[in-house]
Participant: 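Supplied in structure tokens, the structure appears directly below.
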Amino acid sequence: MRANYDFEEAEPRWQRRWAEEGTYEVDLDDPRPPYYVLSMYPYPSGPAHQGHVRNYTFGDVLVRFRTMQGYAVLSPFGFDSFGLPAENAAIKGGAKHPREYTEARIAELRASVLRLGAVYDWRREVRSHDPDYMRFNQLIFLRLLAAGLAYRREAPVNWCPGCQTVLANEQVLSDGTCERSGDVVEHRLLEQWFLRITKYADEILAALDSLDWPERVKTMQRNWIGRSEGVLLRLPVEDHPGATIEVFTTRADTGFGITYVVLSPEHPLVAELTTPENRAAVTRLCRTAASESDRQRMESDVSLEKRGAYTGSRCINPFTNEPVPIYVADYVIATYGTGAIMAVPAEDQRDHDFAVAHSLPVVRTVTPPQGFAGEAWSGPGTKINSGFLDGLDVDTAKERATEWLVAGGIGERSVQYRLRDWLISRQRYWGCPIPVVYCPADGIVPVAEADLPVLLPEDVEFLPTGESPLKHHQAFLEAICPACGGSATRETDTMDTFVDSSWYFLRLCSPRDHDEPVDMASARHFMPVDQYIGGITHAILHLLYARFYTRALGDLGLAPPEIREPFTQLFCQGMIRLGGSAMSKSKGNVISPDEYFKSVGADALRLFHLFVAPPVDDFDWTPQSDEMIEGCARYLRRVWRLVVPDENETAGTAAPGTETTRATDELRRATHRAIDSITTDLGRYEFNTAVSALMELTNAIYRARHLGVDHAAVDDSVDTLLKLLAPMAPHLAAEAWERRHGGHVHQEPWPVADPAFLVEAKVTMIVQTNGKLRDRILVDASIAEDEATALALASAKVAEVLEGRSPRRVIVRAPNLVNIVV
RNA sequence: GCCCGGAUGGCGGAAUGGUAGACGCGGAGGCCUCAAAAGCCUCUGUCCGCAAGGGCGUGCGGGUUCGAAUCCCGCUCCGGGCACCA
């Protein structure tokens, strides 16, 4: 009836069938081996744009491919549904509650993903803002609290004036601005909740080595953790008996070069060590440092003027027993190491800059290389001016100085991390409440687990005051102390949304379990995630937190303790850029897939995303993209005509003969080559070359039909083509297969290449002289070396070049190549 | 500043030591059609040449090798990450 494939009718029909028939629903008792494919659950920002399309297409190809290979593929979906945009929209738009807003966006995104033909086990859907998810999110927090992995303390924090909340270090960009709003981040001293990720720093770092992840992601995590080995040493303060300044250094060997010591402005000893005549300058410095953002602090450095002030006190350099002045300066960071440093201006450029600005002495303890024209030399060399270290190289001296400090009780070996504990408090409404109350009698008291979840009140007003509406909601604030039964005040901070996303992949294994956040048997069955797919943007934040949480949950008995790493393989797809920046709703440069669903169908759009560029690469959306999408649609029509030929097309009319036999053989080999390369490509996320191989096979089938290959061989190749196409263009493959055979192509086993068809009987041997191509000769694949040489030397083209000379050397790589050197 | 990627036709890209440019987009010509759409066929790196054929060619300069887009050294440009972390 229909010659043309009506994708607009067929695609939604197949989408309904896959959902209704539960094709991609997987349970614990499934006899097939489990395989877990997960795309990072999205923040629901509304209908999908091309970035989502690319992401979910990649994931869906893997789900369908592994299913055809015989796995019980767990393919769940969820929504990272807490977060600022919903609350900001409520504040701006007035009427809509963040829940209503968020759920509308979820419906839109879910519809897009369904329309794309991506298949999930929707029974497993989780949403972070669902009370059920919040309950376990809070329960995990309470267990972390009980185990000492969550704690509250006053700390200098990153405050974003735009978002009116604190940010984790990870959310502050290197220029000192907020990653969300772009505002300059300020410093504030606030009581905040932290998670003790640093306890796992060593394990998380060490485990990176054996992780099958992209090297650049691992490098980024290593840099972020920033482990450094050194010494903590104590410097006694002159005229302050008992007072010592503790500093961390990785260069114990430079001790003889300490010419001053610096405290950060926030250091607890600043007030005590500042003498009256220096108080004014020191206080001014500390006040400026406190009020300024990191960016302003760094910008002050551009003038090379290291800002600092003398305290008036001195401490003793333990190496020389000489007193050195103690300064306060804002180039020392309070939150790293001990918040104080020993300054060695000859071997550290920052110290050198400061020393010059404040006329402090510089003593070299390493001989710089000949011709060194810089100021501070931090590289290797021979020790000088260093007493018992003189003449040693830096590494040996470092070890000797360390031993000396330890033996003298002055210091001990220490490892410091750039990684800080994870600050999770957010002063916002639309997040998961931190389940504690403040009791005048008992202090911080956790909410009883039986009383979870602590829900967000619905009757709140969103006003542009910058304050969380929770702070003014009486019914929410008023709580009963679980310890004494007296009245208490509820915590109004909510959790960073990265907490929600740090364990959802575990929850997805048993999303409806009412007793525990993670069912052990389910997690043991499905975890770890075999293929995790997402953007490189989460290389540090989400992926680091998830690795931490997986370990912490295991150690708390909330998840299988033997599962340390959540994601076996990670694939980071490139982003789609439009007008120079990543396509995203917040940037307002999105291209919707909707018009393509209508004009060419989901399959053509999927194929385009698979074909247009290597999946790991970024690619720029250009006007040419539309032409290429049209090309993919054209290709699919070409496939369709193999199944339902036009009436004026002729096929297989030639009489059987030797030509036919050879063409049939060639078609069969083309088919098995396609199976082989596509299977390899899909396993390596090289979807672009997989599509290209599909096209080559299609071309080969057309060629064969043209030559009159018998119907059985063509039919066989078309069937294989449809199976190979099934993960990438699932609707058309399903429709075509059903017409030919009935049943589901996606339930067919994945084809396996027969090695017998991968070897060629005849090979084109190339003949070179001095590495330059001269001739091509068709030879038997089994040709012997001497025979190949003889054939090559017999070539007229070679004779021309040789001009009667005899070859100096002949390189033979039978049957592919002979290179004659003259 | 440090670290990590990348550079191949008009365009997206393929080839990881052995025929550079697979596959596709765009372009040119032809067929079909009253016409169009759709489709089919041929050509399409560049220069010289009527042609046969030949020269050149993977950002630039060197090197290793019988042979380099591919490996090594040094540059240029582009992209990303980190950046006062002692």
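Just so it is clear, the values below take in all heavy atoms, side chains as well, and ignore hydrogens, waters and symmetry mates. Naming: A, B, ... by sequence-line order, numbering from 1 per chain.
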Participant: How does protein reach along nucleotides 22-32 of chain B, written 5' to 3' as B (base within reach of a heavy atom under 4.0 Å), S (only sugar-phosphate), or - (no contact)?
Facilitator: BBBBS------

Participant: Distance check needed: rG55(B) C1' versus E800(A) CD, whole Å only.
Facilitator: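 Atom-to-atom, E800(A) to rG55(B), this comes out as 15 Å.
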
Participant: Just checking R774(A): base, sugar-phosphate only, or nothing, at a heavy-atom cut-off of under 4.0 Å?
Facilitator: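 Result for R774(A) = sugar-phosphate.
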
Participant: To the side chain of T219(A), which of rA86(B), rC66(B), rC3(B) is closest?
Facilitator: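 So the nucleotide nearest the side chain must be rC3(B).
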
Participant: Do R638(A) and Y635(A) form a cation-pi contact, if we require the NZ or CZ to be under 6.0 Å from the six-membered ring centre and within 45 degrees of the ring's axis?
Facilitator: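 So R638(A) doesn't make the cation-pi contact.
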
Participant: It should be established whether R641(A) places a side-chain nitrogen or oxygen under 4.0 Å from OP1 or OP2 of nucleotide rC40(B).
Facilitator: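 Yes.
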
Participant: Picking from rA20(B), rG13(B), rC84(B), which would you name as closest to the side chain of P614(A)?
Facilitator: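 Selected nucleotide: rG13(B).
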
Participant: Quick check, are the ring centers of W224(A) and Y545(A) under 6.0 angstrom apart?
Facilitator: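 Not under 6.0 Å, so no.
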
Participant: Confirm from the modelled atom types if R813(A) and rG18(B) form a donor-acceptor pair under 3.5 Å, side chain to base only.
Facilitator: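 Checked by distance alone, the answer is yes.
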
Participant: Look through every strand shown and name the nucleotide pairing with rG49(B) as Watson-Crick or G-U wobble, where both distances are under 3.5 Å.
Facilitator: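 Partner of rG49(B): none.
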
Participant: Please report the distance, rounded to the nearest Å, between CE in M575(A) and C1' in rG6(B).
Facilitator: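 Rounded to the whole Å, the gap is 14 Å.
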
Participant: Return the pairing partner of rU16(B) with a 3.5 Å limit on both distances, Watson-Crick or G-U wobble; otherwise return none.
Facilitator: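 Its partner is none (no Watson-Crick or G-U wobble pair with both distances under 3.5 Å).
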
Participant: Does F354(A) have its ring centroid less than 6.0 Å away from the ring centroid of Y260(A)?
Facilitator: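 Centroid separation for F354(A) and Y260(A): below 6.0 Å.
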
Participant: Just the rounded figure in Å: distance from P of rA86(B) to CE of M342(A).
Facilitator: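 In whole Å, rA86(B) P lies 12 Å from M342(A) CE.
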
Participant: May I ask you to evaluate whether R637(A) reaches the phosphate of rG39(B), defined as a side-chain N or O under 4.0 Å from OP1 or OP2?
Facilitator: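 Checking rG39(B) against R637(A), a side-chain N or O does come within under 4.0 Å of OP1 or OP2.
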
Participant: Could you tell me whether the phosphate oxygens of rC4(B), OP1 or OP2, come under 4.0 Å of any side-chain nitrogen or oxygen in R216(A)?
Facilitator: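 No, outside the criterion.
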
Participant: Write down the partner of rG79(B) under the Watson-Crick or G-U wobble criteria, each distance required to be under 3.5 Å.
Facilitator: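 Pairing partner: rC4(B).
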
Participant: In whole Å, what separates the C1' atom of rG13(B) from that of rA20(B)?
Facilitator: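 13 Å, rounded to whole Å.
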
Participant: Across all strands shown, which nucleotide pairs with rG74(B) by Watson-Crick or G-U wobble geometry, both distances under 3.5 Å?
Facilitator: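 Paired with rG74(B), as far as the under-3.5 Å criterion goes, is rC60(B).
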
Participant: Please compare A613(A) and I536(A) by the position of their nearest nucleotide in RNA chain B and report the one closer to 5'.
Facilitator: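 Taking each residue's closest nucleotide, the earlier one in sequence belongs to A613(A).
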
Participant: Look at all strands and tell whether D348(A) reaches a base, only sugar-phosphate, or nothing, counting heavy atoms closer than 4.0 Å.
Facilitator: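 Nothing: the residue D348(A), judged by heavy atoms under 4.0 Å, touches no strand.
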
Participant: Could you check how far CD of E686(A) sits from P of rG12(B), rounded to whole Å?
Facilitator: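 The answer, rounded to whole Å, is 19 Å.
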
Participant: For rA28(B) versus rG80(B), give the span between their P atoms, rounded off to a whole number of Å.
Facilitator: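 Looking at atom P only, rA28(B) and rG80(B) are 37 Å apart.
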
Participant: Round to a whole Å and report the spacing from CG of D620(A) to C1' of rG13(B).
Facilitator: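 Interatomic distance, CG of D620(A) to C1' of rG13(B): 14 Å.
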
Participant: Quantified in whole Å, what is the P atom distance between nucleotide rA15(B) and nucleotide rC71(B)?
Facilitator: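 Going atom to atom, P in each nucleotide, I get 14 Å.
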
Participant: Whole Å only: how far is the CG atom of L817(A) from the C1' atom of rG18(B)?
Facilitator: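 Atom CG in L817(A) sits about 5 Å away from atom C1' in rG18(B).
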
Participant: Taking atom C1' in both rG24(B) and rC47(B), compute the distance separating them and give it to the nearest angstrom.
Facilitator: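 After rounding to an integer number of Å, I get 27 Å for this pair.
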
Participant: Give none if rG29(B) has no partner; otherwise give the nucleotide forming a Watson-Crick or G-U wobble pair with it, both distances under 3.5 Å.
Facilitator: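 Result: rC41(B).
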
Participant: Using a strict threshold of under 4.0 Å (side-chain N to carboxylate O), is an ion pair present between R364(A) and E375(A)?
Facilitator: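 No, no charged N to carboxylate O under 4.0 Å.
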
Participant: Side chains of S625(A) and E627(A): do they bring a donor and an acceptor to under 3.5 Å?
Facilitator: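 Their side chains do not contain a donor-acceptor pair, so the 3.5 Å distance test is not met.
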
Participant: Side-chain donor or acceptor of N223(A) under 3.5 Å from a matching atom on the base of rC82(B)?
Facilitator: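 Answer no: no donor N or O sits under 3.5 Å from an acceptor.
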
Participant: On the nucleotide rA68(B), are OP1 or OP2 found under 4.0 Å from the side-chain N or O atoms that K772(A) carries?
Facilitator: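 False: K772(A) side-chain N/O out of range (4.0 Å or more) of rA68(B) OP1/OP2.
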
Participant: Would you measure the distance from the C1' atom in rG62(B) across to the matching atom in rA68(B) and give it in whole Å?
Facilitator: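 Per the computed distance, 14 Å lies between those C1' atoms.
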
Participant: Looking at R234(A) and E412(A), is any side-chain nitrogen of the basic one under 4.0 Å from a carboxylate oxygen of the acidic one?
Facilitator: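 Result for this pair is yes, salt bridge flagged.
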
Participant: Which one is paired to rA22(B), where only Watson-Crick or G-U wobble pairs with both distances under 3.5 angstrom count?
Facilitator: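 For rA22(B), the partner nucleotide comes out as none, under the 3.5 Å rule.
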
Participant: So, E229(A) and R227(A), do they make that salt bridge, N to O below 4.0 Å?
Facilitator: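 R227(A) and E229(A): salt-bridged.
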
Participant: Would you call R637(A) and E630(A) a salt bridge, using N to O less than 4.0 angstrom?
Facilitator: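 Yes.
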
Participant: Please state how far atom CG in N816(A) lies from atom P in rA20(B), giving the value in whole angstrom units.
Facilitator: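 Rounded to the whole Å, the gap is 14 Å.
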
Participant: Work out how far the P atom of rU19(B) is from that of rG67(B), and round it to whole angstrom.
Facilitator: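 Taking atom P in both rU19(B) and rG67(B), they lie 15 Å apart.
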
Participant: With sugar-phosphate meaning primed atoms plus P, OP1 and OP2, does T764(A) contact a base, only sugar-phosphate, or nothing at under 4.0 Å between heavy atoms?
Facilitator: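 If one applies the 4.0 Å heavy-atom cut-off, T764(A) turns out to touch a base.
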
Participant: Any idea if rG79(B) is syn or anti, going by the 90°-from-0 cut?
Facilitator: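 You should classify rG79(B) as anti.
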
Participant: Please compare R577(A) and G771(A) by the position of their nearest nucleotide in RNA chain B and report the one closer to 5'.
Facilitator: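 Counting from the 5' end, the first nearest nucleotide belongs to G771(A).
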
Participant: If you measure from the Lys or Arg side-chain nitrogens to the Asp or Glu carboxylate oxygens, is any gap between R413(A) and E399(A) under 4.0 Å?
Facilitator: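 A salt bridge is present here (some side-chain N lies under 4.0 Å from a carboxylate O).
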
Participant: In whole Å, measure the gap between the P atoms of rC48(B) and rG10(B) for me.
Facilitator: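 Straight-line distance between the two P atoms is 15 Å.
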
Participant: For rC73(B) and rC84(B), measure between their P atoms and round to the nearest Å.
Facilitator: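 After rounding to an integer number of Å, I get 30 Å for this pair.
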
Participant: Is the closest side-chain heavy-atom distance between F687(A) and M728(A) below 4.5 Å?
Facilitator: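 Of all side-chain heavy-atom pairs linking M728(A) with F687(A), none is under 4.5 Å.
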
Participant: How many Å lie between CD on Q768(A) and P on rU65(B), as a whole number?
Facilitator: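 Result: 17 Å.
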
